[in-house]
Amino acid sequence: IVQVKLELLASGALHRVGPGCDLIPSRLAMSQIVRIAHSPDSDDAFMFYALTQGRLDTSGLEISHVLRDIETLNRAAFDGTYEISALSFHAYAHLADRYALMPSGASFGDGYGPVVVSRTARRREEFPDLLTAIPGELTTAALALRLWQPAVRTVVVPFDQILDEVRAGKVDAGVVIHEGQLTYQEEGLEAVTDLGAWWKEETGDPLPLGGNGIRRDLDPDLSRRLCRLLTERIAYALDHRQEALDYAMRYARGLEDDPVRSDRFVAMYVNEWTRDYGAVGRRAVQRLLDRGYDADLLPERVIAEWVEAE
């Protein structure tokens, strides 16, 4: 074995990363390792199809995909765990010193968004006396809920358990995200309000839910290349829709056997807003951050900053 390793070292197939260190394949030693963290959801799977399935040029990069729920990613970002991470815009307000926003990959609810559900009809005025489940303190769903009703009482429940908790009567109401926005009625629940629709009426803007953050300490040239690459993966998915959708279906919780609603859900959160924020999208992000600060829901005023691909 030693002889084989020596021969591989001599040939350049292996590389020693330091005195006394392990040998690793030279392709890894010469590559820039980039960890990209995102949610195991059908819309994210659709977005990342081209990148995970080798459809794009990633030469010189060793990309590792990490799948975690959004609140776990929000928390991990405080330690700068991943070079690129999906972030709730609510969390970004606490992380703007560590992460900048990438120019593509955002999810907006344009007249729709997280849905507040309950077993029976409820009014906004009742919510201070009710217990409402949220999918995480740092989610934009939680921020939008508190903008809608500042006196709401909340408890954190994993996003994929909220419908069950509401149906079982363990909480009075819940804010559902992801595919639950399309399936809550099948659980016998009623919509109290759609926070994206409410936000549209309040501001005229789409509700910015989450985007991709890139660590500020990366080399600028690498950051620009990664921004271009992640914009390319959105373009590929949108231009090869059925191909990417067929792949994403395996992540469509509760909609795996419903291609029509799976397609609808992906279209809700991967669209032209995702390809590029545009001036309207960037304004909407800033308005959300400003409203959060003005309502004393954010610790300081944050000016959103993007890394440009060029």
Side-chain angles (χ1 to χ4, degrees), residues 27-28 30-70 73 77 81-88 99-110 178-179 208-215 218-253 255-256 258-278 281 306-310:
R27 66 180 181 82
L28 295 182
M30 298 171 62
S31 296
Q32 171 70 50
I33 297 175
V34 177
R35 293 160 297 178
I36 302 178
H38 50 94
S39 300
D41 310 311
S42 56
D43 52 338
D44 275 33
F46 181 89
M47 288 189 216
F48 281 97
Y49 168 71
L51 203 51
T52 60
Q53 302 305 303
R55 301 295 191 267
L56 302 176
D57 178 15
T58 59
S59 56
L61 301 174
E62 192 69 26
I63 294 178
S64 171
H65 292 268
V66 180
L67 304 183
R68 299 286 187 274
D69 71 273
I70 189 61
L73 297 182
T81 304
Y82 307 111
E83 284 77 15
I84 294 173
S85 180
L87 298 173
S88 299
Y99 284 86
L101 295 172
M102 303 181 81
S104 65
S107 291
F108 286 81
D110 195 354
H178 302 315
E179 291 86 351
L209 295 167
N212 293 138
I214 185 167
R215 272 208 335 245
L218 297 185
D219 176 80
D221 288 339
L222 175 62
S223 293
R224 285 190 288 271
R225 183 186 176 190
L226 292 171
C227 285
R228 290 193 297 272
L229 184 63
L230 266 65
T231 297
E232 289 170 8
R233 49 102 201 205
I234 298 296
Y236 188 97
L238 291 173
D239 293 343
H240 301 80
R241 182 174 186 79
Q242 193 58 52
E243 180 184 332
L245 189 62
D246 289 344
Y247 170 78
M249 283 280 290
R250 69 188 72 178
Y251 297 96
R253 285 177 297 263
L255 299 176
E256 300 93 334
D258 190 337
V260 173
R261 284 200 296 174
S262 292
D263 190 359
R264 176 187 168 195
F265 175 73
V266 168
M268 287 168 65
Y269 294 114
V270 189
N271 45 49
E272 291 305 315
W273 294 113
T274 316
R275 194 193 297 265
D276 186 285
Y277 286 74
W306 283 262
V307 173
E308 304 301 339
E310 300 298 338

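- Side chain of D41 to main chain of D44: no donor-acceptor pair is present (N/O by atom type, distance under 3.5 Å, no hydrogens or angles).
- In this structure, the separation between OH on Y251 and CG on D43 is 12.5 Å, given to the nearest 0.5 Å.
- Atom CZ of R241 has more than 12 heavy atoms from other residues, nucleotides or ligands within 6.0 Å.
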May I have the step-by-step check of side chain to side chain contact (heavy atoms under 4.5 Å, CB included) for R225 and L61, ending in yes or no?
CA-CA 10 Å; R225 183 186 176 190; L61 301 174; 3.5 Å; yes
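- Between Y269 and F46, a ring centre-to-centre spacing not shorter than 6.0 Å is recorded.
- At a threshold of 4.5 Å between non-hydrogen side-chain atoms, the residues L209 and F108 do not count as touching.
- For the pair H38/H65, a side-chain contact is recorded, criterion being any heavy-atom separation below 4.5 Å from C-beta on.
- Annotation: side chain of M102 is not in contact with side chain of W306 (no heavy-atom distance under 4.5 Å).
- In this structure, T231 and S104 approach most closely via the heavy-atom pair OG1-OG, 3.0 Å.
- Between T274 and E272 there is no side-chain heavy-atom pair separated by less than 4.5 Å.
- In this structure, the side chains of D276 and I234 stay at 4.5 Å or more apart for every pair of heavy atoms.
- No side-chain heavy atom of S223 sits under 4.5 Å from any side-chain heavy atom of R215.
- Side-chain atoms of R55 come within 3.5 Å of backbone N or O of Q53 as a donor-acceptor pair.
- Residues A37 and Y82 share a closest heavy-atom pair of CB-CD1, 3.4 Å.
- Remark: the backbone N or O of Y49 is paired with a side-chain donor or acceptor of T52 at under 3.5 angstrom.
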Stepwise side chain to side chain contact (heavy atoms under 4.5 Å, CB included) check, M249 with S42:
CA-CA 6 Å; M249 283 280 290; S42 56; over 6 Å; no
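- Partners of H240 by side chain to side chain contact (heavy atoms under 4.5 Å, CB included), not counting sequence neighbours, listed by chain and number: Y236, E243.
- Under a cutoff of 6.0 Å and an axis angle of 45°, R233 and F48 form a cation-pi pair.
- Note that the CG atom of D57 and the CZ atom of R228 stand 11.0 Å from one another [nearest 0.5 Å].
- The closest donor-acceptor contact from the side chain of R35 to the backbone of V66 lies at 3.5 Å or more, if one exists at all.
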Step by step, would you call R275 with L238 a side chain to side chain contact (heavy atoms under 4.5 Å, CB included)?
CA-CA 9 Å; R275 194 193 297 265; L238 291 173; 3.4 Å; yes
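- With rounding to the nearest 0.5 Å, the separation of CD1 in I63 from CD1 in I36 is 4.5 Å.
- For the atom pair CD1 of I84 and CG of L73, the computed distance is 13.0 Å after rounding to the nearest 0.5 Å.
- Distance CE/M268 to CG/D263: 12.0 Å, rounded to 0.5 Å.
- In this structure, E83 CD and Y99 OH are separated by 7.5 Å, a value rounded to the nearest 0.5 Å.
- Contact annotation: the side chain of L229 approaches that of L51 to within less than 4.5 Å [non-hydrogen atoms, C-beta and beyond].
- Counting heavy atoms from C-beta outward, L87 and N212 have side chains that stay 4.5 Å or more apart.
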